[in-house]
Amino acid sequence: MPPEFYSRLYSIAGSLAHFDYYDISLAYCDLETGFRIMLNPDNHYYSASVIKAPYMLYIYRLALAGKADLEQTVTYTEKYRREGTGVLKNTEYGKDYTVEELIGFCLEESDNAAFAMLKELFPEEGYEQFAASLGTVHAEDSKAKGGPQICCESALTFSRAIYEFIEEKNPYSENMFTHMTNSRNAMIYGGNGSEVVRKYGWYEGFFHDMAIVYGEKKYLITIMTNLDLLEIDSREYGIFRDLSLLFAEYSASVFETENGGDTVIIKIPKLEEDEMTLPKDPYLLLSVVNTKLRDNYKSFDELCDDMNENPAEISAALEKTGYVYSKELNQFAPVPEGEGTVPVSEAESSQ
């Protein structure tokens, strides 16, 4: 992977002062080569509405097997009403909806009432057996009850199963493609001219998007976060936009013969609130130091004194990435072209 890629990845992930690098997971898979990149793949999150996508796939698979009738109707009554996302909660009771209409509500509007209606018709036990058969990485990722959990690697498994279903060109492939490209919230982007099949999830700080990008290249990408119950606004959406566009650019730049079926795994350990250790990876170090300088310290020496770090060692590590400290910016910035490295510590510059 090119160093610039890592630098941008860490910079985007650390763009929010309240955000811990540990609390984000990402998985990318090139559908042509099988090459995968995964950030914190073992972290588990409450799946929220992401689960609706594989659940709807399960119902479509039942329909293909002749075990479900998509024209069957269900009457919306008070017992199905659910708060949160959806449109049915604002409609009158007593109206009939077909299974296909309810699937559409689940995938396009993330409708919780429609999901409750479908789960009664197609119980969770059957879905859990289906999800396990897809080969999820962890057993808990196939569960539908008790606050279902998911990791980004298992989300790739679900996305691949949906992709294969769409590529079959069976009687329901177009339905699923249309519903998932009409999803109400656009979080993951695929670049110009692309179509994105997606399912987002959002519940009390857990904020996710799981997508298949149909563009110059076809690839899977999932981003999962724990924003710690903070209000989600344009800044949080920005993480999804910036990260997904980084991967869109990367995907377009890679030839089919590169990387093959390799997997790059990046794991960032969780730091306790009182733990002040800086990361060893130079690109992650660059992003963390610059974030701390921006938000907490007036100078590089102040940061090093407070964290009991050696400024010369940090400077040397960051010089290898092509960045040196600027007193004017109070940031580590790229060395201007044609110039060598310069003293980066205020203490050094005063000697």
Side-chain angles (χ1 to χ4, degrees), residues 1-26 37-43 152 223-228 230 235-236 238-239 242-243 246-247 250 262-351:
M1 302 295 296
E4 297 79 9
F5 177 89
Y6 285 112
S7 179
R8 287 181 61 190
L9 175 66
Y10 292 134
S11 178
I12 295 167
S15 61
L16 298 180
H18 64 256
F19 202 67
D20 188 328
Y21 288 95
Y22 175 84
D23 291 322
I24 184 169
S25 294
L26 184 149
I37 302 169
M38 291 189 287
L39 172 67
N40 295 330
D42 296 328
N43 290 9
C152 65
I223 302 173
M224 298 188 157
T225 68
N226 175 9
L227 295 177
D228 197 24
L230 293 169
R235 295 173 303 163
E236 281 73 17
I239 285 183
D242 294 344
L243 282 175
L246 170 63
F247 277 83
Y250 172 76
D262 293 341
T263 298
V264 172
I265 297 177
I266 307 166
K267 291 187 177 182
I268 301 174
K270 185 172 182 60
L271 300 179
E272 301 301 327
E273 289 188 5
D274 60 348
E275 192 172 357
M276 299 287 281
T277 305
L278 290 173
K280 300 300 183 184
D281 180 280
Y283 294 99
L284 181 54
L285 175 65
L286 173 65
S287 182
V288 170
V289 168
N290 272 346
T291 299
K292 288 182 177 295
L293 288 172
R294 181 192 67 199
D295 298 327
N296 303 313
Y297 298 99
K298 295 180 180 179
S299 72
F300 177 51
D301 281 342
E302 182 183 330
L303 180 151
C304 292
D305 288 342
D306 185 49
M307 300 188 69
N308 196 28
E309 295 283 351
N310 186 322
E313 290 181 1
I314 296 176
S315 300
L318 296 185
E319 281 180 7
K320 294 178 181 178
T321 71
Y323 282 71
V324 295
Y325 180 67
S326 164
K327 287 195 295 183
E328 292 75 16
L329 300 174
N330 190 30
Q331 291 279 282
F332 277 82
V335 178
E337 290 188 13
E339 296 185 16
T341 56
V342 296
V344 295
S345 154
E346 290 180 346
E348 291 174 326
S349 63
S350 64
Q351 293 175 356

Nearest non-hydrogen partners of [X] and [Y], listed with the distance:
X: Cys152; Y: Asn40; value: SG-O, 4.3 Å
X: Ile265; Y: Thr263; value: CG1-CG2, 3.7 Å
X: Glu319; Y: Val324; value: CG-CG1, 4.0 Å
X: Leu303; Y: Val289; value: CD1-O, 4.0 Å
X: Leu243; Y: Leu26; value: CD1-CD1, 4.1 Å
X: Ile314; Y: Glu309; value: CD1-CB, 3.7 Å

Practice task
State, yes or no, whether a side-chain contact exists between Tyr250 and Arg8 at a heavy-atom distance under 4.5 Å.
Solution key: no
Practice task
Would you mind reporting whether Leu9 and Phe247 have side-chain heavy atoms less than 4.5 Å apart?
Solution key: yes
Problem - Aromatic ring pairing Phe300/Phe332, orientation class (parallel under 30°, perpendicular over 60°, tilted between) - result: perpendicular
Fill in the blank from the handout: Contacts of Gln331 meeting side chain to side chain contact (heavy atoms under 4.5 Å, CB included) (sequence neighbours excluded), chain-then-number -> Asn290, Leu293, Arg294, Leu329
Handout entry: Partners passing side chain to side chain contact (heavy atoms under 4.5 Å, CB included) against Asn310 (at least two apart in sequence or in another chain)
Key = Ala312, Glu313
Completion exercise
Asp42 meets the side chain to side chain donor-acceptor pair (under 3.5 Å) criterion, sequence neighbours left out, with Lys267
Exercise for the section: List for me each residue that meets side chain to side chain donor-acceptor pair (under 3.5 Å) alongside Asn330, sequence neighbours excluded, and say none if there are none. Expected result: Tyr325
Pairwise distance [atom1]([X]) to [atom2]([Y]) - rounded to 0.5 angstrom:
X: Asp306; Y: Lys292; atom1: CG; atom2: NZ; result: 8.5 Å
X: Asp262; Y: Ile37; atom1: CG; atom2: CD1; result: 11.0 Å
X: Asn43; Y: Asp23; atom1: CG; atom2: CG; result: 7.5 Å
X: Asp301; Y: Lys327; atom1: CG; atom2: NZ; result: 9.5 Å

Exercise for the section: Please check if the side chain of Ser25 supplies one atom and the backbone of Met224 the other of a donor-acceptor pair under 3.5 Å. Expected result: no
Problem - N/O donor-acceptor pair under 3.5 Å between Ser11 side chain and Ser7 backbone - result: no
Practice task
Go through the structure and list residues passing ring pair (Phe, Tyr, Trp, His ring centres under 6.0 Å) with Tyr6, not counting sequence neighbours.
Solution key: none
